[in-house]
Amino acid sequence: MINRILISACLMGFKVRYNGSEKAPMMAHLLRWQKEQRLVIHCPELAAGLPIPRSPAEIFFADGKDVMRERARIIENTGNDVTEHYQLAAWLALRTAQESGCTAALLTDGSPTCGSQFIYDGSFSGQRKPGMGVAASLLNEHGIAVFSDTQLAELITWIEERES
């Protein structure tokens, strides 16, 4: 069985990040997986209707799980509360992953949506803390293995073990 992978669109070179940039150029392994039709390219924030560019947003002194349970908010650096947009982004990522048969996700770290190893602390001071964004948290809670963009080697090993 081929494992399908939900992947952040910015990791595939799409300029969909909050500042209109991509995260990194496509790596050779991702190109092979794309040719094998394993990758489901998705930007949760774009799917939820957030614009490009958009104001930087951070989870206000909590994590994605708290936001999804209505115990925390996501605030832009302008002070605008965008929690509902990001909650929708998380649900759309989960729906896309489930409908596409994804068993794993490769997401961009640091994002209030896709962060899986770290997120920013809500102070807009560049301070990072361990934690997951809303989509990473929701995917993880629903049994989809979540890897950050710095964990490609771990994802490759995970896939190889599952398929051997």
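Hydrogens, waters and symmetry mates are skipped; everything else that's a heavy atom, side chains included, is used.
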Straight-line distance of [X] [atom1] to [Y] [atom2], nearest 0.5 Å:
X: Glu154; Y: Ser148; atom1: CD; atom2: OG; value: 7.5 Å
X: Arg4; Y: Leu39; atom1: CZ; atom2: CG; value: 8.5 Å
X: Asp149; Y: Thr108; atom1: CG; atom2: OG1; value: 5.0 Å
X: Ile41; Y: Leu6; atom1: CD1; atom2: CG; value: 10.0 Å
X: Tyr86; Y: Cys114; atom1: OH; atom2: SG; value: 10.0 Å
X: Leu107; Y: Cys43; atom1: CG; atom2: SG; value: 10.5 Å

Worksheet item: Can Asn80 and Thr78 be counted as having a side-chain donor-acceptor contact under 3.5 angstrom?
Response: no
Taking the side chain from [X] and the backbone from [Y], do they hold a donor-acceptor pair closer than 3.5 Å?
X: Lys15; Y: Ile52; value: no
X: Glu58; Y: Ser123; value: yes
X: Ser164; Y: Glu161; value: yes
X: Arg162; Y: Thr157; value: no
X: Asp109; Y: Gln117; value: yes
X: Gln87; Y: Val67; value: yes
X: Ser8; Y: Cys10; value: no
X: Asp66; Y: Ala72; value: no

Taking all non-hydrogen atoms of both residues into account, name the closest pair between [X] and [Y] and its distance.
X: Phe60; Y: Gly122; result: CD1-O, 3.9 Å
X: Gln151; Y: Val146; result: OE1-O, 4.3 Å
X: Asp63; Y: Lys129; result: N-NZ, 4.4 Å
X: Ala9; Y: Val16; result: CB-CG2, 4.0 Å
X: Leu106; Y: Leu11; result: O-CD1, 3.8 Å

Can you tell me which residue pairs pass the ring pair (Phe, Tyr, Trp, His ring centres under 6.0 Å) test with a partner in [range], sequence neighbours excluded?
range: residues 29-53; answer: His29-Trp33
range: residues 94-127; answer: Phe118-Tyr120
range: residues 145-164; answer: Phe147-Trp158

Fill in: Pairs meeting criterion salt bridge (charged side-chain N to carboxylate O under 4.0 Å, His left out) with involvement of residues 80-93, two or more places apart
Arg73-Asp81
Within a strict 4.5 Å, meaning less than it, do heavy atoms of the [X] and [Y] side chains meet?
X: Gln34; Y: Met12; answer: yes
X: Arg17; Y: Lys23; answer: yes
X: Arg128; Y: Ile119; answer: no

Under 3.5 Å, which donor-acceptor pairs do the side chains of residues 89-104 form with other protein atoms, sequence neighbours left out?
unit_1	atom_1	unit_2	atom_2	d
Thr96	OG1	Leu92	O	2.9
Ser100	OG	Thr96	O	2.8
Thr103	OG1	Asn3	OD1	2.8

Worksheet entry | salt bridge (charged side-chain N to carboxylate O under 4.0 Å, His left out) involving Arg38 - partner list, sequence neighbours excluded | Glu36, Glu163
Item to complete: Inspect the contact between Glu45 and Arg54 and indicate whether a charged nitrogen and a carboxylate oxygen are less than 4.0 angstrom apart.
Response: yes
